[in-house]
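Below, all heavy atoms of this structure are taken into account, side chains as well, without hydrogens, waters or symmetry copies. Each ligand, and each atom within it, is numbered from 1 in the order the structure gives. Numbering of residues begins at 1 and proceeds along the displayed sequence.
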Amino acid sequence: MKPLRPSVLDPLFAPATALSGVGPKLAKALDKLLGDETHAARVIDLMFHLPTGAIDRRPSESIAEAPIGEVATFSAQVTEHRPAPPNKAKAPYRVIVEDETGDVTLVFFHADVRHLLQTLPIGAYRIISGKLELWDGMRQMVHPDRILDPKLAATLPSVEPVYGLTEGIGGRVMARIAAGAAERCPDLPEWQDEAFAARNDFVPFRDAIHALHHPVDLKAATGETVARRRIAYDELLASQIALALVRRQQKKAAGRATAGDGVLRHAIETALPFTLTDGQRKAIADIHDDMEKPERMLRLLQGDVGSGKTVVALMAMAAAAEARRQSVLMAPTEILARQHAERLAPLADKAGLKLALLTGREKGAGRRQVLEGLANGEIDIVVGTHALFQEGVAFHDLALAVVDEQHRFGVHQRLLLGAKGEAVDILVMTATPIPRTLALTWFGDMDVSILSEKPAGRKPITTRAISLERYDEVVGAVGRALESGAQVYWVCPLVQESDTLDVAAAQERFEALQDLFGDKVGLLHGQMPGRDKDAAMAAFSGGQTRVLVSTTVIEVGVDVPNASVMVIEHAERFGLAQLHQLRGRIGRGSAASTCLLLYKGPLGQVAEARLTIMRESEDGFRIAEEDLRLRGEGEVLGTRQSGSPDWRIARPEIDGDLLAAARDDARLLIERDPQLETPRGQAIRTLLYLFERDVAIRLLRAG
Ligand code: ADP
Ligand code: MG
């Protein structure tokens, strides 16, 4: 049997350590950022770890002309060193630089004075680059990113790519190894339709990858470039072809009718502490109708955060169990999988359903037991993460796969699940409010159910934007909320550039709040070991901790109804969709909820518009539309947060036109060359593998 992977791609699937300069320590950090439960970070993961933005380092004419509130680059003379006064050991060390038009105070915390005397000797001219701010009317720069001898001016690129980072990897190191990975991309056979590529000015794949890692102007980072469009189109084309192959297989391998008697569903409904909304009832009925038909179900359940999708999934899984068949519920993160399992267990119990949890972390005897239970049919429902795809997970009779929060998964993962049973019905749940027409093209021929109303009893959330300068007042308000029995989420942005000090690292905030509120404060971030994450989450949902300081790991799905206050620090750094997702964690209980968006001014126009929309609206669809509008005006693509191994490039809201073209292209291609045997078809196999991996090639062979 021929190997599934075209050999031309082998260099890309080498481990990251194959790159020069990546030793074991760096590799470990990269694994955290780009690996997942099934593989360590590879060259391809780095190649697709595209910049999320760019820093403009073009020099200003003079200090007076250097922009405030942004990264500024200028040349100036060093005129004075001001050490911290002896009685204030913690005060920063300051260095004054100036030109004819003004001066700037460079501020260094925990300064290495000898080093500063060397790099910034009095009288010398230096090129300085970093974020310039006004402090009491004076220009200052905390820890400049770059300090250069003017002789070396040429080594400072005028545009510098910005990458998603993680602890242990700084911006410059990441730029170097990502560029190294791009270098290793071989020349690949062209899979694009020649005329289409020419019309769109597409450059070859390899050149496009190279261009994205070496932006030459700021536009290159906004995603408007030909290079990004090319890669986005590649990705869309691959996923549309994969979908076409799935459809072909679906038609060939007829599904099975899964019909239950309603007994378990009735038991669950009676056990629910609430009554289902009409929307939920309708969705459950749609799903049940699909399952009863002999065709395979492929349905998308769309509903804003908090709209109550989980219980719909449970009812569908109960219907499968009524027919003595199994279901899986797959979550994008460990935390969510655990939470789903915990929530669903009591309900499942009451209905006499056996539910198990399976993630990469279940090991040894416990894991074996679950695997046995799945194989012999004892377990009705299994909740888990990617680990569910691993070899060795076999089902007795899998009928239904529910994929939660779809936007974190690639198509290939969805396909893998489908391959676990003969005729598995698939229900995909997403909270991403994408306009309906786009959803249809994006998800192919899926049927769609929408939960448009929120469960009854939800109180509106009051959202306020507050300057970080009023931090003390905010902390006071948090204290009062705690006294009244509320629980509080405190969200910090991930550290994107570890060398910038003004990022409120979750750890630091945790310590500061702990000083005030003692052991009522918990901490949760992506770099914590799994067990600690569980413990932190359990303590918060159990009410032992009352404030949960976290990074955006809580973004998706987490549900603690008693949490009614959310503070989002540096809200100006988040995209609209992300803010909306985060805020959806509160407003779930009976108490009135408040969301405080702490921002650091001065705000750019787009950031200001975002915060305004957040204050005005809680409607996911309106927010999605505004987001689209703002991005359309040249906003840098939403920063992908680290910790996610998923490197989706195309975005439904931006690349709608490409998507439509890719869909037509894919259909025609499969029609004319069903086994992908023509020269273009052969090249398409490489494309498919690149984006959809083994499963797509298997599908092709099965077809
Ligand atoms: P999401 O759609 O974001 O996944 P969840 O399924 O987590 O939302 O539901 C959010 C919360 O709403 C949960 O606490 C759930 O128990 C509750 N809930 C779901 N349906 C209803 C309903 N019909 N009435 C009241 N509360 C509900
Ligand atoms: Mg959910």
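- Contact annotation for L276 and ligand 1: only backbone heavy atoms (N, CA, C, O) come within less than 4.0 Å of the ligand.
- Partners of T594 under the side-chain contact (heavy atoms from CB on, under 4.5 Å) rule, at least two apart in sequence or in another chain, are L596.
- At least one side-chain heavy atom of E269 sits under 4.5 Å from a side-chain heavy atom of R281.
- Contact check for L597 versus I466: no side-chain heavy atoms found under the 4.5 Å cut-off.
- For ligand 1, the atoms lying closer than 4.0 Å to a non-hydrogen atom of R588 are 3 (O), 7 (O), 10 (C).
- Within the structure, the closest approach of T275 to ligand 1 falls below 4.0 Å when heavy atoms are considered.
- Distances below 4.0 Å separate heavy atoms of T310 from the following atoms of ligand 1: 4 (O), 5 (P), 6 (O), 7 (O).
- Taking the ring centroids of F48 and F691, they lie under the 6.0 Å cut-off.
- Residue P561 has no N or O atom closer than 3.5 Å to an N or O atom of ligand 1.
- Neither the backbone nor the side chain of R343 comes within 4.0 Å of ligand 1, counting heavy atoms alone.
- Remark: the H340 side chain and the E342 side chain contain no N/O donor-acceptor pair separated by less than 3.5 Å.
- Contact analysis leaves G303 out of contact with ligand 1, as no non-hydrogen atom separation drops below 4.0 angstrom.
- Looking at M429 against ligand 1, nothing comes within 4.0 Å, counting heavy atoms.
- Using a 4.5 Å heavy-atom cutoff, the side chains of T310 and D404 are not in contact.
- Distances below 4.0 Å separate heavy atoms of T277 from the following atoms of ligand 1: 23 (N).
- At a cut-off of 3.5 Å, with distance as the only test, a side-chain donor of R265 or H288 sits close to an acceptor on the other residue.
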